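Some notes on the structure that comes next.
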Amino acid sequence: MVSRCANSENLTGQAQSRKGGASCQAMKLIIWGVGGLAQMLTELIESYPEWHLVGFIVDDPAPPEQFMGYPVLGNRQYLESLDPQAVQVVPAAYLPANREIMVIYLRQLGFDSPTLIAKSAWLSPSVSLGKGVMVLDRAVIQSQAQMGDFDLIHTGCILSHNVRLGPFVTLFAGATVLGKVEIETGAQVGGGATLLSTIQIGANAKVGVGSVVIQNVAAGTTVMGNPARVFSVPG
Ligand SMILES: CC(C)(COP(=O)(O)OP(=O)(O)OC[C@H]1O[C@@H](n2cnc3c(N)ncnc32)[C@H](O)[C@@H]1OP(=O)(O)O)[C@@H](O)C(=O)NCCC(=O)NCCS
């Protein structure tokens with residue numbers, strides 16, 4: 001478990017001690033959520049000395065006292081008592097819509113969120129990253145790919161060259177996105193799915209787990225299967 005700073009609970013910005021060695025100058029982080037994604041992000045954060053996880057918040061009427069050995073500090077209202085300059089908050093939600101709701105709340109309170117890249121992920125130097133992007137273990141992001149703000153790239157995803165993602169996109173574990181694919185805001189791609197090169201996935205579309213998508217998917221549409229067929233359309 002990571003060592004704790006003596007002043008780790010002081011997140012109000014008042015009387016911040018600068019004593020305590022290098023670990024106490026680390027950026028303090030709170031994870032919002034206590035599910036599987038929060039669990040994986042905890043281990044990712046622990047692998048970087050420049051971040052210092054102080055605990056979790058969760059909107060649960062009966063929250064656990066601890067998660068992964070760290071305190072559960074409260075629900076989202078707890079953030080209102082904190083200085084947004086003293087801590088950043090990680091919105092640990094798989095689904096794009098849930099993550100976006102969290103980020104809207106965080107922005108209203110003035111909180112920033114870190115970009116979290118697992119050490120075992122490989123990103124081409126020409127990749128452009130948005131704010132708050134999360135890239136989990138063994139993901140590969142190739143040349144000239146563009147990420148949007150708060151995208152989540154799960155374990156083992158492969159993004160080929162010139163892929164472009166809008167904000168709040170989720171690619172679940174092992175998804176393969178071939179060259180020049182464009183994925184618009186809030187779309188989600190199921191685990192192990194493959195997207196053929198140059199196709200476009202519309203905003204808030206959903207691709208089923210294991211699907212092979214060979215043509216464009218309209219906004220808000222759910223597709224699944226091999227080859228992927230439309231399962232539902234918006235409205
Ligand atoms: C595409 C998806 C979002 C649709 O969710 P949904 O609208 O709730 O639909 P359901 O899961 O109820 O499935 C509806 C039907 O499609 C079928 N179906 C679901 N996913 C399918 C897939 N990938 N391929 C083929 N058929 C599928 C179901 O069997 C069901 O069939 P039925 O109506 O004959 O019983 C969801 O199935 C999915 O694949 N999500 C991805 C989740 C993921 O990848 N998680 C990984 C975490 S790392």
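Just follow the structure's listing: the first ligand is 1, and inside any ligand the first atom is 1. Here the structure is a predicted model, which is why all the values come from computation and not from measurement.
Protein non-hydrogen atoms do reach within 4.0 Å of atom 39 (O) of ligand 1. For atom 8 (O) of ligand 1, the nearest protein heavy atom is 4.0 Å or more away. Distance check for atom 24 (N) of ligand 1: a protein heavy atom is found below 4.0 Å. Within the 4.0 Å cut-off (strictly below), no protein heavy atom is located near atom 12 (O) of ligand 1. Within a 4.0 Å radius of atom 44 (O) of ligand 1, the protein has at least one heavy atom. Atom 29 (O) of ligand 1 is not flagged as protein-proximal [any protein heavy atom, distance under 4.0 Å].
Atoms of ligand 1 lying under 4.0 Å from any heavy atom of Gly225, numbered from 1 in the order shown and given with element: 24 (N).
For the pair Arg99 (side chain) and Val169 (backbone), a donor-acceptor distance under 3.5 Å is present. In this structure, Ser120 contributes its side chain and Arg138 its backbone to a donor-acceptor pair below 3.5 Å. A donor-acceptor pair is defined here as one N or O able to donate and one able to accept, closer than 3.5 Å; such a pair exists between the side chain of Tyr48 and the backbone of Ile117.
With hydrogens left out, the protein atom closest to atom 26 (N) of ligand 1 is Met224 SD, 3.4 Å, a heavy atom.
Under the 4.5 Å side-chain criterion, counting only non-hydrogen atoms from C-beta, Ile30 is in contact with Leu82. No side-chain heavy atom of Asp151 sits less than 4.5 Å from a side-chain heavy atom of Ile183.
Residue Phe231 touches ligand 1 through its side chain alone, judged by heavy-atom distances below 4.0 Å.
Counting heavy atoms only, Gly190 comes closest to atom 41 (C) of ligand 1 of the residues Gly192, Gly190, Gly174.
At least one N/O-N/O distance between Val209 and ligand 1 falls below 3.5 Å. Not one N or O of Val207 is nearer than 3.5 Å to an N or O of ligand 1, by distance alone.
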Assess whether side chain to side chain contact (heavy atoms under 4.5 Å, CB included) is satisfied between His154 and Leu171, documenting all intermediate values.
CA-CA 6 Å; His154 205 306; Leu171 305 184; 5.8 Å; no
Working note: Lys180 + His161, criterion side chain to side chain contact (heavy atoms under 4.5 Å, CB included); need CA distance, chi angles, decisive distance, verdict.
CA-CA 6 Å; Lys180 298 185 179 177; His161 65 92; 4.1 Å; yes
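Nearest heavy atoms, Leu159 versus Met147: CD2-CE, 3.5 Å.
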